[in-house]
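In what follows, chains carry the letters A, B, and so on, assigned in the order in which the sequence lines appear, proteins first and then strands, with residues in each chain numbered from 1.
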There are 2 protein chains.
Amino acid sequence: MSPRATIADVARLAGVHPGTVSRALNRKTEGQVNAETASRVRAVAKQLGYVPNSIARGLRTSSSMTIGVIIPDLTNPIFPPIVRGIDSHLAPRGYSAFVVNTDGSDATERLLFESLVQRQVDGFIFATGHSGHSIAGEAYERGIRAVMVNRDSRGVPYPAVVGDDAQGIRESVEHLGRLGHRRIAHIAGPPTFSTSQVRAEAFVAACADLGIRGEVFRAPAYSVEAGQSVMDSVLDGSGFRPTAVVAGNDLLALGVYHSLRLHGLSIPEDVSVVGFNDMPFAGDFQPPMTTVRTPHFDLGVESARLLLNQIESSALTALRVMLPVELIVRASTGPAPENPSFD
Amino acid sequence: MSPRATIADVARLAGVHPGTVSRALNRKTEGQVNAETASRVRAVAKQLGYVPNSIARGLRTSSSMTIGVIIPDLTNPIFPPIVRGIDSHLAPRGYSAFVVNTDGSDATERLLFESLVQRQVDGFIFATGHSGHSIAGEAYERGIRAVMVNRDSRGVPYPAVVGDDAQGIRESVEHLGRLGHRRIAHIAGPPTFSTSQVRAEAFVAACADLGIRGEVFRAPAYSVEAGQSVMDSVLDGSGFRPTAVVAGNDLLALGVYHSLRLHGLSIPEDVSVVGFNDMPFAGDFQPPMTTVRTPHFDLGVESARLLLNQIESSALTALRVMLPVELIVRASTGPAPENPSFD
DNA sequence: CGTGAGGCTGCAATCGATTGTGGTTTCTAG
DNA sequence: CTAGAAACCACAATCGATTGCAGCCTCACG
């Protein structure tokens, strides 16, 4: 690897001082140097293939132009769009993102967080919010800038960018109500996530408003397996016989699909199912899934925008951005059965 | 933001020289300092909440402990597992990854590449290989370390980590042959990708070996839309009437699903379909998709391993790692119809 | 008791850029 | 013609860590 050209090399060849080279090459300061000199410097720089060393620059300016993005798991399909949204806002502004996965472990989150602090990231975007999310609290104490995305974290004073989950659930229930359903189950996610609580509460409220009998069941995780086993226990153990289920998210809904299939029940003839998130390819499932579309990409964009605002204006405005969601009706919901197959 | 403690602060409070602090805090050099002094330094460091500034360290040691990962699009479901595989190897070794998306554009790839060079990344992992992939060539000229993952790039002397695509296709064709299919279409990806070529050639060879009539059709992209429109033209325009189709990847296969459905053909009764990659939730499609599982996570791990080897041993061993694939038989393939519905 | 060998630690240079300060030069205006 | 102001650029400090070199101290051995 041929040693990269430094600013000193350029200065020498252009016959000027390194400081002048620096000024000539930076938009904000190039006015301070004679136009002719500047163009000579630029010519030499190009000739030498000079690229500024942003490590060195970062040391001096104490800004690394990097952002830490902490998510639970990149292979969970809702996160790639969020990450891309973040990146799409960051990249044009000269920022780069470190994306790390915690796999839901607070311990690894802490480790990764520290390693990013060490790397002098200018701020964080947390997609890992949950009740008792200590890292965000600590980060705030240490004066670190951050925003929460997708999930809120009660008690943490960072801005949060979330979808209007309550509205999404309400529309789901109304949709099912219009189809004649009067007994609906809600498979809720883990109670430590704000999303689970918001959705469950909205479900209960909507059912009450519409005079629908709604029961809430809690899944230990937002996963296909959890959805399946909870639905199994609803069908086998509980006395409740729903004609429709509103799942806490698409993964849980998929688990419900599996459970229903194994019980010989068909969707939506016997039971209607609605998911949440509209993950990629949700329309290609068997049957295509009715679900609530959350604008994940935009969630990412907004969170990045908020963070950069904080960083550049250094104003810690505790804000909260809620983006609208949309019910996507596909084939997993249909009219309530006249004679429910299991009555 | 309270100014972070520096090594000088620790030195002052511990009553030693900054150099000593540095030595006391680094595994490799802590033997050079008195055990008692070292522990005192460590105590002070903890008390002050000192975290080394890796920007400063990077400047001095000229190694940033970061890797650039260049992929086409994170929302393409094959990439998250690759990225996680990379990360799982990098993180425990103190490296962090910058993941960037090119959206298939060489121009933005170039931009992102330069910005990462500027950030002094220690190496690159390219998942964007294609014929005429100039960036990798240039990078090599400049003595930059890198490896290619998933896709190969002919003519670029970097190591490549790929799946055994030829074997996967061969197994697909054999599987269909055993089911009695004698007319099979292959929807190939863009010819600029090595994967497309390898798979198409393997398809032709396998058909020849088994005495099956195989026709290759080229899709302009690895996307659902492309798959659908190519399959449309096969069904409508071409004289060829396949009873099965081997798609270049799962996205194309999904497009084939759509096309078939719109033509009133059912899978696998009328036409069998096999995909490639076994993307997440491929088993939940309608019908569950028979496809070739590529070990994407391991592809990522291997590529990171190769890269770190290169970096740490500084030996440019042009290697090639091929990982085994596996045919996953689900419900999109079945016996060839006795009387093909469209003859 | 002298000396050589380690063991420890301080000193200062260094990585590559940015930026406040100040000195020349040139130009303008009175 | 000269004072004052720009305009331009060089100088050097600085960011926070790492590391070769050298010095000091202690200890052991002759």
Discussion item. If you assign B/A56 and B/H17 each to the DNA chain D nucleotide with the nearest heavy atom, which residue ends up on the more 5' nucleotide?
Written reply: B/A56

Worksheet item: What orientation do A/F126 and A/F113 show, parallel under 30°, tilted 30 to 60°, or perpendicular over 60°?
Response: tilted

Worksheet item: Nearest-Å distance, CZ (B/R23) to P (C/dG10)?
Response: 9 Å

Could you list, one pair per line, each protein nitrogen or oxygen that sits under 3.5 Å from a nitrogen or oxygen of nucleotides 22-24 of chain C, together with the distance?
none

Item to complete: Could you tell me the separation between the CZ atom of B/R12 and the P atom of C/dT9, rounded to a whole number of Å?
Response: 19 Å

Worksheet entry | 5′-ward residue of the pair B/P18/B/T61 relative to DNA chain C | B/P18

Worksheet item: Heavy atoms under 4.0 Å, any strand shown: does A/S54 hit a base, just sugar-phosphate, or nothing?
Response: nothing

Discussion item. For B/F124, does the six-membered ring have the charged nitrogen or CZ of B/R145 within the cation-pi criterion, i.e. under 6.0 angstrom from the centroid and within 45° of the normal?
Written reply: no

Discussion item. Reading DNA chain D from 5' onward, which residue's closest nucleotide shows up sooner: A/A35 or A/G19?
Written reply: A/A35

Worksheet item: What integer distance in Å separates A/R27:CZ from C/dT18:C1'?
Response: 18 Å

Discussion item. Does B/V16 reach a base, just sugar-phosphate, or nothing at all? Heavy atoms under 4.0 Å.
Written reply: sugar-phosphate

Item to complete: Keeping to residues at least two apart or across chains, list the salt bridge (charged side-chain N to carboxylate O under 4.0 Å, His left out) pairs with something in residues 81-98 of chain A.
Response: A/R84-B/D73, A/R84-B/D103

Worksheet entry | Gap separating the CG atom of A/N101 from the OG1 atom of A/T75, nearest 0.5 angstrom | 7.5 Å

Discussion item. Filter on salt bridge (charged side-chain N to carboxylate O under 4.0 Å, His left out), then keep only pairs touching residues 105-114 of chain A, sequence neighbours left out; what's left?
Written reply: A/R110-A/E138, A/E114-A/R142

Worksheet item: Earliest and latest nucleotide of DNA chain D, 5' to 3', sitting under 4.0 Å from a non-hydrogen atom of chain B?
Response: D/dG16 to D/dG20

Fill in: B/R320 and B/D152 ion-paired at < 4.0 Å
yes

Item to complete: Measure the spacing between CZ of A/F79 and CD1 of A/I86 and express it to the nearest 0.5 Å.
Response: 10.0 Å

Fill in: Residues in side chain to side chain donor-acceptor pair (under 3.5 Å) contact with A/Y50, at least two apart in sequence or another chain
none

Practice prompt. Just call it for A/T29: base, sugar-phosphate, or nothing, with non-hydrogen atoms closer than 4.0 Å on any strand.
Written response: nothing

Worksheet item: Mind checking what makes side-chain contact (heavy atoms from CB on, under 4.5 Å) contact with A/T29, not counting sequence neighbours?
Response: A/R23, A/N26, A/Q32

